[in-house]
Amino acid sequence: MSKKTAVVAGGAGFIGSHLCEALVEDGYKVICLDNLGTGKLENLKGIIKNKNFKFIKHDVRKPIKVSGQVHYVFHLASYASPPYYQTKSIETLMTNSLGTLNILELSRVKKAKYLITSTSETYGDPKEHPQKETYWGNVNPVGIRSCYDEAKRFAEALTMEYVRKHDLDARIIRIFNTYGPRLQKDDGRVISNFINQCLCQTPLTIYGNGMQTRSFCYISDQIAGLKAAILTEGTKGEVINIGNPDEFTMLEAAKMIKEMTHSESQIVYRPLPDDDPARRKPDITKAKTLLGWEPKVKLREGLTKTIAWFSR
Ligand code: UDP
């Protein structure tokens, strides 16, 4: 039987490159589209020469043409870390609007199954805790995070209209803070910052009082969730959280990383950025029941592997 083809938009990024690798390993042909805005060819070095893998430098804000049959389309194209999406704010808005339209069109024309990685940011600074998929969120539509939050909310709305108007076999996955090897070192996210700071013996920067929480999902769990979401029957039109519900304050995360790296770094406090969500934790009941998926990797175990990668 000939191999099925998957297109991964944003496939050279942190999550995208792990997904491309997993799909090639599972026996798919993979076409990776990436404009290398934050993605890196270095992330693909394990598969770039594989005959079942093809990299195309392409910005999804431009129409997409791919030859041959396509069975699956994964849309992971976007700036995703707060410092990056705020610097590239208009690009982020356009990638998630025009880019999403182009990727949906590709999926419609090819009659492919489509998955978009949306985000826990669609819940904004949530008033409901933990966050279920049915929660509509609490988002500042004009704040400094809105270029990402509202862009992703628009991308979700557009995706749902393709399900309703074009009967597209699409699903929306809201991913929660994900970490692991290939997390970009300078992306300004909390896990990469804390690990870098500890390894370089520079101060650990906690924004605000450090009592805000996040729930961190290890990359292998995230990839297993994304694959299950597109391969499981009965997920058309569904919105599903994929994340790890173990919740930590940023102070706890800082102390854990400091201890694990045997670092002498001191903790320093910096102003909390505007609209920084106070709490975040996924309710993953739906992923468990619909996909039979749940995360396996505890934070300490995932950090051990991530710290080893950052130490290379
Ligand atoms: N944060 C921090 N120190 C840092 C970087 C981030 O205390 O050096 C905080 C940030 O204010 C937020 C949390 O850690 O409350 C997670 O931030 P991140 O940028 O990783 O992603 P977010 O979940 O906010 O999108």
Side-chain angles (χ1 to χ4, degrees), residues 6-11 13-16 19 33-35 37-39 58-64 72-82 84-86 88-110 112-124 126 131 133-178 222 225-226 229-230 235-243 275 277 280 282:
V7 169
V8 181
F14 160 51
I15 298 180
L19 180 63
L33 309 176
D34 205 299
N35 69 351
T38 46
H58 182 81
D59 191 313
V60 296
R61 288 173 290 175
K62 299 201 183 99
I64 306 163
Y72 302 103
V73 172
F74 293 86
H75 174 8
L76 286 77
S78 179
Y79 290 102
S81 92
Y84 267 91
Y85 68 62
Q86 284 161 27
K88 301 278 184 185
S89 52
I90 294 172
E91 288 90 332
T92 302
L93 282 155
M94 297 317 292
T95 299
N96 283 292
S97 51
L98 200 51
T100 299
L101 180 70
N102 289 331
I103 299 170
L104 282 164
E105 270 302 295
L106 172 77
S107 310
R108 183 184 68 78
V109 168
K110 299 287 185 181
K113 280 185 156 194
Y114 163 103
L115 178 154
I116 179 167
T117 51
S118 184
T119 167
S120 52
E121 290 274 325
T122 57
Y123 301 120
Q131 293 80 52
E133 292 86 348
T134 46
Y135 178 48
W136 290 358
N138 176 39
V139 173
N140 176 353
V142 292
I144 56 167
R145 295 175 86 105
S146 66
C147 59
Y148 186 65
D149 301 9
E150 294 294 10
K152 286 289 190 185
R153 288 167 68 99
F154 176 88
E156 289 196 5
L158 192 59
T159 297
M160 286 312 291
E161 287 316 310
Y162 266 70
V163 176
R164 293 188 190 105
K165 298 278 191 304
H166 297 299
D167 201 28
L168 188 74
D169 191 342
R171 68 274 303 123
I172 295 166
I173 307 306
R174 295 198 181 129
I175 68 179
F176 284 64
N177 297 63
T178 300
Q222 184 62 245
L226 297 179
I230 211 165
T235 53
K236 179 176 169 183
E238 295 294 342
V239 180
I240 309 167
N241 289 336
I242 295 288
D275 298 330
R280 188 183 286 159

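Position 1 is the first residue of the sequence, and the numbers go up from there. All of these numbers come straight from a predicted model, not from anything done at the bench.
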Could you tell me which residues satisfy side chain to side chain donor-acceptor pair (under 3.5 Å) with [X], sequence neighbours excluded, listed by chain and number?
{"X": "Asn241", "result": "Tyr123"}
{"X": "Arg145", "result": "Tyr85, Glu121"}
{"X": "Tyr135", "result": "none"}
{"X": "Glu91", "result": "none"}

Taking side chain as C-beta onward, heavy atoms only, is [X] less than 4.5 Å from [Y]?
{"X": "Ser78", "Y": "Thr92", "value": "yes"}
{"X": "Leu158", "Y": "Leu104", "value": "yes"}
{"X": "Ser107", "Y": "His75", "value": "no"}
{"X": "Leu226", "Y": "Ile15", "value": "yes"}
{"X": "Lys113", "Y": "Arg171", "value": "yes"}
{"X": "Arg174", "Y": "Ser120", "value": "no"}
{"X": "Leu93", "Y": "Phe154", "value": "no"}
{"X": "Glu156", "Y": "Ile116", "value": "no"}

Holding to side-chain contact (heavy atoms from CB on, under 4.5 Å), I want the full list of residues that pass it with [X], two or more places apart in sequence or in another chain.
{"X": "Ala170", "result": "Tyr114, Thr159, Val163, Leu168"}
{"X": "Asp59", "result": "Asn35, Arg61"}
{"X": "Ser81", "result": "Pro83, Tyr84, Asp187, Arg189"}
{"X": "Leu106", "result": "Val7, Ile64, Val66, Val73, Lys110"}

Qualifying residues under salt bridge (Lys or Arg N to Asp or Glu O under 4.0 Å), relative to [X], sequence neighbours excluded:
{"X": "Glu238", "result": "Lys286"}
{"X": "Glu105", "result": "Arg108"}
{"X": "Lys62", "result": "none"}

If I take atom [atom1] from residue [X] and atom [atom2] from residue [Y], how far apart are they, to the nearest 0.5 angstrom?
{"X": "Ile240", "Y": "Leu115", "atom1": "CD1", "atom2": "CG", "value": "8.0 Å"}
{"X": "Thr122", "Y": "Lys152", "atom1": "OG1", "atom2": "NZ", "value": "10.0 Å"}
{"X": "Leu76", "Y": "Ile175", "atom1": "CG", "atom2": "CD1", "value": "6.5 Å"}
{"X": "Glu133", "Y": "Ile172", "atom1": "CD", "atom2": "CD1", "value": "11.0 Å"}

Lys/Arg N to Asp/Glu carboxylate O, Arg153 vs Glu150, below 4.0 Å: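 Salt bridge: yes.
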Taking every non-hydrogen atom, the tightest pair across [X] and [Y]:
{"X": "Thr235", "Y": "Ala229", "answer": "OG1-O, 3.0 Å"}
{"X": "Thr134", "Y": "Trp136", "answer": "O-CD1, 3.3 Å"}
{"X": "Phe74", "Y": "Ala6", "answer": "CE1-CB, 4.2 Å"}
{"X": "Ala155", "Y": "Thr100", "answer": "CB-OG1, 3.6 Å"}
{"X": "Asn96", "Y": "Ala77", "answer": "OD1-O, 4.2 Å"}
{"X": "Ala9", "Y": "Val60", "answer": "CB-CG1, 4.1 Å"}

For Tyr79, all residues meeting ring-ring contact (aromatic ring centres under 6.0 Å, His included), sequence neighbours excluded: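 ring-ring contact (aromatic ring centres under 6.0 Å, His included) check on Tyr79 returns nothing, list empty.
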Worked check of salt bridge (charged side-chain N to carboxylate O under 4.0 Å, His left out) between Lys165 and Asp167: CA-CA 6 Å; Lys165 298 278 191 304; Asp167 201 28; over 6 Å; no
